[in-house]
2 protein chains.
Amino acid sequence: MPGFTCGLDATLRVIAGKWKPLILYFLAQGGPIRYGALRRAVRGVSDKMLIQQLKELETDGLVKRTDYKEIPPRVDYSLTPLGLSLAEALVPLCIWGTENMAEVTRVFALREALNGKIR
Amino acid sequence: MPGFTCGLDATLRVIAGKWKPLILYFLAQGGPIRYGALRRAVRGVSDKMLIQQLKELETDGLVKRTDYKEIPPRVDYSLTPLGLSLAEALVPLCIWGTENMAEVTRVFALREALNGKIR
DNA sequence: CGGCATCCATGGAGATACTG
DNA sequence: CAGTATCTCCATGGATGCCG
């Protein structure tokens, strides 16, 4: 249903998905990155999820996939200008997390103690 | 599991939850806001979800809840300094969404046409 | 990568407490 | 009966992950 309540709402839908923000972030770190390297960078993803989210980012015009059609297969991913601009908007979140990591860690440890598992 | 892979990862876990970024954003718009008003601002939330996410934000030290212990009930919510700093980090995302809303809308319309439903 | 099984977040409906 | 704030039970859909 087109029609977002505000700009933030629109952005959130674009980066909806457990790994998309991290993918964008790592793609922004440097030039084109090969699939395997990306897989290693985004720790914890399964191949299925990584492929799936990359494909969505690609159809959304944020990521560009290049298949060199070589043997052995060689494929790399990079950001489109649109994707780059979004990745840049993520930088403050990254900074916030870095600056407050101790605090966040502490709070999450508490939750873990209370609930058994986090959320 | 304490131990985040990076700052962005830490932040993402804090704002995990469909409505948390929006809640933080609206709380940052002005002074303390009453529950009912917040409910109206965050369009689409159910009472259950709003309460639940507010409680998590509160235990995470991002939101301050004030209960005036009156009858009929009167409660309002505001940001802690930590919450405010996070809300400020969300501003670029909001701007990005606003600037690219047309593009985002178009892309999502395509997805809708292909899949029947989004994602 | 496609199926299949699973698990958790989301959401709806109803209940509560108290007053005007 | 209307209004405010919150909680609990239950249903379900969609995201996630494992396996071939």
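Chain naming here is simple, since letters A, B, ... match the order of the sequence lines and numbering starts at 1 in each.
Between the NZ atom of Lys55(B) and the C1' atom of dT10(C) there is a distance of 16 Å, rounded to whole Å. When rounded to the nearest whole Å, the span between CD of Glu56(B) and P of dC7(D) equals 12 Å. For the pair Glu70(B) CD and dA17(C) C1', the computed distance is 15 Å after rounding to whole Å. For the pair Arg65(A) CZ and dC1(C) C1', the computed distance is 12 Å after rounding to whole Å. The separation between Ile23(B) atom CD1 and dT10(C) atom P is 10 Å, rounded to whole Å. Atom CD1 of Ile33(B) and atom P of dA5(D) are 11 Å apart (whole Å). The nearest whole Å value for the distance from the NZ atom in Lys20(A) to the C1' atom in dT16(D) is 14 Å. Rounding to whole angstrom units, CD1 of residue Ile51(A) and P of dA15(D) are separated by 18 Å.
Looking at heavy-atom distances under 4.0 Å, Tyr68(B) makes no contact with the nucleic acid at all. Within the 4.0 angstrom heavy-atom criterion, no nucleotide atom of any strand lies near Lys69(B). Among the atoms of the strands shown, base atoms are found under 4.0 Å from some heavy atom of Asp47(B). Residue Arg39(B) is out of contact with every strand shown, counting any heavy-atom pair closer than 4.0 Å.
The side chain of Gln53(A) places no N or O atom within less than 4.0 Å of a non-bridging phosphate oxygen (OP1 or OP2) of dA15(D).
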Check the pair Asp47(A), Tyr35(A) against side chain to side chain donor-acceptor pair (under 3.5 Å), reporting the backbone distance first and the verdict last. CA-CA 10 Å; Asp47(A) 283 317; Tyr35(A) 176 82; 2.7 Å; yes
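Distance alone, capped at 3.5 Å, places no donor-acceptor pair between the Thr66(A) side chain and the Val75(A) backbone. In this structure a side-chain-to-backbone donor-acceptor pair under 3.5 Å is present from Thr11(A) to Leu93(B).
Screening residues 77-103 of chain A for salt bridge (charged side-chain N to carboxylate O under 4.0 Å, His left out) gives Glu103(A)-Arg106(A) as the qualifying pairs, with residues at least two apart or on separate chains.
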Distances under 3.5 Å only, N/O to N/O: pair up the protein atoms with those of nucleotides 17-20 of chain D.
| residue | atom | partner | partner atom | Å |
| --- | --- | --- | --- | --- |
| dG17(D) | N7 | Lys48(A) | NZ | 3.3 |
| dG17(D) | O6 | Lys48(A) | NZ | 2.1 |

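With distances taken from any side-chain atom of Gln52(B) to the nucleotides dT16(D), dA5(D), dT10(C), the minimum falls on dT10(C). The nucleotide whose nearest atom lies closest to any side-chain atom of Ile71(B) is, among dC18(C), dA5(D), dC7(D), dC18(C).
Atom-to-atom distance recorded for Glu56(A):CD and Leu62(A):CG is 11.0 Å, nearest 0.5 angstrom.
For Pro73(B), the side chain to side chain contact (heavy atoms under 4.5 Å, CB included) criterion is met by no residue, not counting sequence neighbours.
Met101(B) approaches Ala10(A) most closely through the heavy-atom pair CE-CB, 4.3 Å.
With the nearest nucleotide of DNA chain D identified for both Pro72(B) and Tyr77(B), Pro72(B) has the one nearer the 5' end.
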